[in-house]
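Note on naming: letters A, B, ... go to the chains in the order of the sequence lines (proteins, then strands), and numbering restarts at 1 for each one. These numbers come from the heavy atoms of this one structure, side chains and all, not from hydrogens, waters or symmetry mates.
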There are 2 protein chains.
Amino acid sequence: MTKPPTPTPTRSAPTMNDVARAANVSKMTVSRALRGDRIAPETKARILAEIDRLHYVPHAAAGALASRRSGFVAVIVPSIDNANFAETVRGLEAELRAAGLDLLLGTTEYRIGREDELVQTMMRHRPEGIVLTGGVHTSRVADRLARSGIPVVETWDLPATPIGHVVGFSNRAAGAMMTEHLAAIGRRRIAFLGGASPRDPRGEARKHGYLEALVRLGLGPPRTLRYGLPPLSMHHGAAGLARTIARWPDIDGLVCASDPIAFGAISECQRRRIAVPQTIAIGGFGDFEIARCSHPGITTIAVEAAQIGQRAGAILRTVIEALRRGEACPATIDETSMSLEVRGSTVGEREGKDFFFGKKKQKTF
Amino acid sequence: MTKPPTPTPTRSAPTMNDVARAANVSKMTVSRALRGDRIAPETKARILAEIDRLHYVPHAAAGALASRRSGFVAVIVPSIDNANFAETVRGLEAELRAAGLDLLLGTTEYRIGREDELVQTMMRHRPEGIVLTGGVHTSRVADRLARSGIPVVETWDLPATPIGHVVGFSNRAAGAMMTEHLAAIGRRRIAFLGGASPRDPRGEARKHGYLEALVRLGLGPPRTLRYGLPPLSMHHGAAGLARTIARWPDIDGLVCASDPIAFGAISECQRRRIAVPQTIAIGGFGDFEIARCSHPGITTIAVEAAQIGQRAGAILRTVIEALRRGEACPATIDETSMSLEVRGSTVGEREGKDFFFGKKKQKTF
DNA sequence: GAGGGTTGTGTTAGCGGTAACATGCTCCGG
DNA sequence: CCGGAGCATGTTACCGCTAACACAACCCTC
């Protein structure tokens, strides 16, 4: 007996050929039905019915191979566990899914070198675009990307020498803006917490903004210390405040590299019965939910995290489409806005929600 | 004149064939060099040198097509912007990257039906495994997965009728545990905040645990209200507390479906000069950083978020490898542990860090 | 030194789609 | 009633890689 033509009928997934046979058309027609090419409505209906009946699912890798379009966009963020980046990824995903593009997500965990590995790994999937966080990359990454010719969008910063497109804002300006706010409300001995590691170039940039503002405002020597490795978070804020105070007991203002850090610092103040903002006014960055919901609210710099993602996605859509048609696109620089949100951690006493820790005013309720 | 054999030398990415030619071997030998098959050391060295020189990057889609192994694992979580899930994804990623598997991440944003869409979309990439959050899925999803034969791991819960493997814990037990803790410290009028939407089955399960515990403890009628749509967060906690108090002004305990909710509730208490924990003891869930860093600390149920991911990854590694060898694997149920972390929001007065809001004890420091 | 295993490499035939061109058909104006 | 345009569909030739088998050279062992 000869073996049957189908050795093991292990009912593996149906292919486009199966659908074609069932609908009595050629493979190509099925392909056209799926991708919206011109096709007779009734043929299309018949094909779609068969697809449904057979539970056919197109094989993305095969399509990618044949069409030379992976349908992927690679995104690299320092951490997923950060409301800001999560928002950006969400905005990006929404924009890209609408264009039929899938996200390939990678996190560096703030480790230098990890980005390089990730880029290399992801290149194997031939992404049609890459979204990076920040403007600081190893030269190997820049090389690889340049060689590949893949459109690149850098986000969350305004790099001096961009690789490709940019959607972001000046972290330096953010650090300066908060420092100036504290000065404007009369603070003179302002410290900075965070941004002490090259692993987090954006945090460092905010610190530079603070340093520059100090000079500009004539506020004397900087008060910063090296403490902690990214991701800096609440407990770093608490411990960092303790160290800062130990070193400069007289500070009356504190700029933090992020809201979680600021929250930690404020909590530590509460524990130590230090009045915020009376004794120390504290500002953060990012407008995290905690900045709005904690008590007192945290004065912060709000940035459009979701929009950064959405716009990066929009740029990529345009560029990828142009590239598919063989056209080139000029590099875009899209500066997103940021705004100072003044809350209780720098300006106390706001009607109905004032809060003086450790003191008074047992307002009845 | 005849056209040259290479029409447009647009230096497109080199292929394995280019490497093979350059190293004077066959394509197959290059493939072997890359995947660790037996090969003469010097041949391998020569090939790797050429790969480096030519900047060759393997084409994942082509490999996947030929080998019938995508190298992908699909992960679906409700939201990426949640420290718990982010931790799980991180644990999973670490485990899988080590096995050469790439993550395909999708978020449902707590929308029913989104999971179904995502599964369908992701199936096009023929993932070798799927990690789901929770044990509640539409029948279409279950169908699709069953038909595909892809190994499935459900996480963050203990489904009554699992699809495949399980790594999780009982959210019901978690809700009960916190309720029992509040009862144990003398609370009798305990409310629950959260878990009011079928969009978040795990939150609902915690609420059920609360309800069961109430009955078991003889603590009278439940105090819960429908409020908010997932993801419930800090501001829902604040507003939810307000509503709960309006309805049941005499509560002395509050179980929240998550730490952020609890934090919002506590903040609202502070705003209203309600002493926590004296007047109302408040518990959360998840052991988020804010539970450790806020003031007072939040009593919570700690779960091993990262471990859930890590173990799900380990299971998949095993199962996928077995499957590649043609073996089958029995379904695993891996119950992860959880523990009650008692902090200031339910039990005040802990040496050195006590905090009675609005009252006394200006301990000098 | 013949038989049988190992080792290193090459050959062949796809994997499941799509680009590009080919084909038959209908419809139209002149 | 013919030429040519436009439409719906089919044919062919890959995309870049790997499974499976083929094969030659070498190593044993008896």
Side-chain angles (χ1 to χ4, degrees), chain A residues 3 5-8 10 12-47 51 54-71 100 123-126 128 324-326, chain B residues 3 5-8 10 12-47 51 54-71 100 123-126 128 324-326:
Chain A
K3 272 191 177 175
T6 46
T8 31
T10 3
S12 80
T15 74
M16 191 173 270
N17 232 329
D18 298 328
V19 176
R21 219 174 353 244
N24 203 28
V25 293
S26 77
K27 226 171 30 168
M28 203 55 222
T29 305
V30 176
S31 175
R32 288 186 180 113
L34 279 172
R35 294 175 313 141
D37 275 14
R38 284 210 76 75
I39 202 183
E42 62 166 33
T43 312
K44 180 166 182 175
R46 183 156 35 97
I47 291 172
I51 285 177
L54 297 174
H55 302 292
Y56 167 70
V57 179
H59 194 301
L65 186 58
S67 68
R68 291 130 171 280
R69 289 180 195 170
S70 66
M123 286 295 214
R124 301 177 345 113
H125 295 288
R126 300 294 189 271
E128 301 190 56
R324 283 176 178 178
R325 286 196 310 269
Chain B
K3 273 192 175 174
T6 45
T8 32
T10 5
S12 80
T15 74
M16 191 174 270
N17 232 329
D18 299 328
V19 176
R21 218 173 355 246
N24 203 29
V25 293
S26 77
K27 224 169 34 168
M28 202 56 223
T29 304
V30 176
S31 176
R32 288 183 180 115
L34 278 172
R35 294 176 312 141
D37 275 14
R38 285 211 75 75
I39 203 183
E42 63 165 33
T43 311
K44 181 165 181 175
R46 184 155 35 96
I47 291 171
I51 285 177
L54 297 174
H55 302 294
Y56 167 70
V57 179
H59 194 302
L65 186 58
S67 67
R68 293 130 170 280
R69 290 178 194 170
S70 66
M123 285 297 212
R124 302 178 344 112
H125 294 289
R126 301 290 190 273
E128 302 190 55
R324 283 176 177 178
R325 285 195 311 268

ask   = salt bridge (charged side-chain N to carboxylate O under 4.0 Å, His left out) with Arg38(B): which residues, sequence neighbours excluded?
value = none
key: Contact pattern, 5' to 3', of nucleotides 14-22 of chain C - B, S or - by protein heavy atom under 4.0 Å   = BBBBBBB--
side-chain N/O Arg38(A) vs dC7(D) OP1/OP2, d < 4.0 Å = no
request  = Identify, residue by residue, the members of residues 39-47 of chain A with a heavy atom below 4.0 Å from DNA chain C, and return them in order of residue number, or none.
outcome  = none
inquiry  = Within this structure, what is the CE-CD1 distance for the pair Met16(A) and Ile51(A), rounded to the nearest 0.5 Å?
reply    = 7.0 Å
request  = Would you mind reading off the bend of the helix from dG1(C)-dC30(D) to dG30(C)-dC1(D) from its two end axes, five pairs each, to 10 degrees?
outcome  = 30°
query = What residues form a salt bridge (charged side-chain N to carboxylate O under 4.0 Å, His left out) with Arg35(B), not counting sequence neighbours?
reply = none
query = What residues, two or more places apart in sequence or in another chain, satisfy side-chain hydrogen bond (donor to acceptor under 3.5 Å, both in side chains) together with Thr29(A)?
reply = Ser26(A)
Qualifying residues under ring-ring contact (aromatic ring centres under 6.0 Å, His included), relative to His125(A), sequence neighbours excluded = Phe72(A), Phe72(B)
query = Excluding sequence neighbours, so at least two apart, what forms side chain to side chain contact (heavy atoms under 4.5 Å, CB included) with Ala23(B)?
reply = Val25(B), Arg46(B), Ile47(B), Glu50(B)
ask   = Can you tell me how far C1' of dG16(D) sits from CZ of Arg21(B), to the nearest Å?
value = 13 Å
note = For Thr15(A) and Tyr56(A) the tightest heavy-atom approach is C-CE1, 3.5 Å
remark   = salt bridge (charged side-chain N to carboxylate O under 4.0 Å, His left out) filter on Asp18(A), not counting sequence neighbours, yields Arg21(A)
query = Would you say a side-chain N or O of Ser26(B) is under 4.0 Å from OP1 or OP2 of dT11(C)?
reply = no
ask   = Pairs in or reaching into residues 59-71 of chain B: which pass side chain to side chain donor-acceptor pair (under 3.5 Å), with residues at least two apart or in two chains?
value = none
inquiry  = Under the rule for salt bridge (charged side-chain N to carboxylate O under 4.0 Å, His left out), what residues qualify as partners of Arg324(B), not counting sequence neighbours?
reply    = Glu128(B)
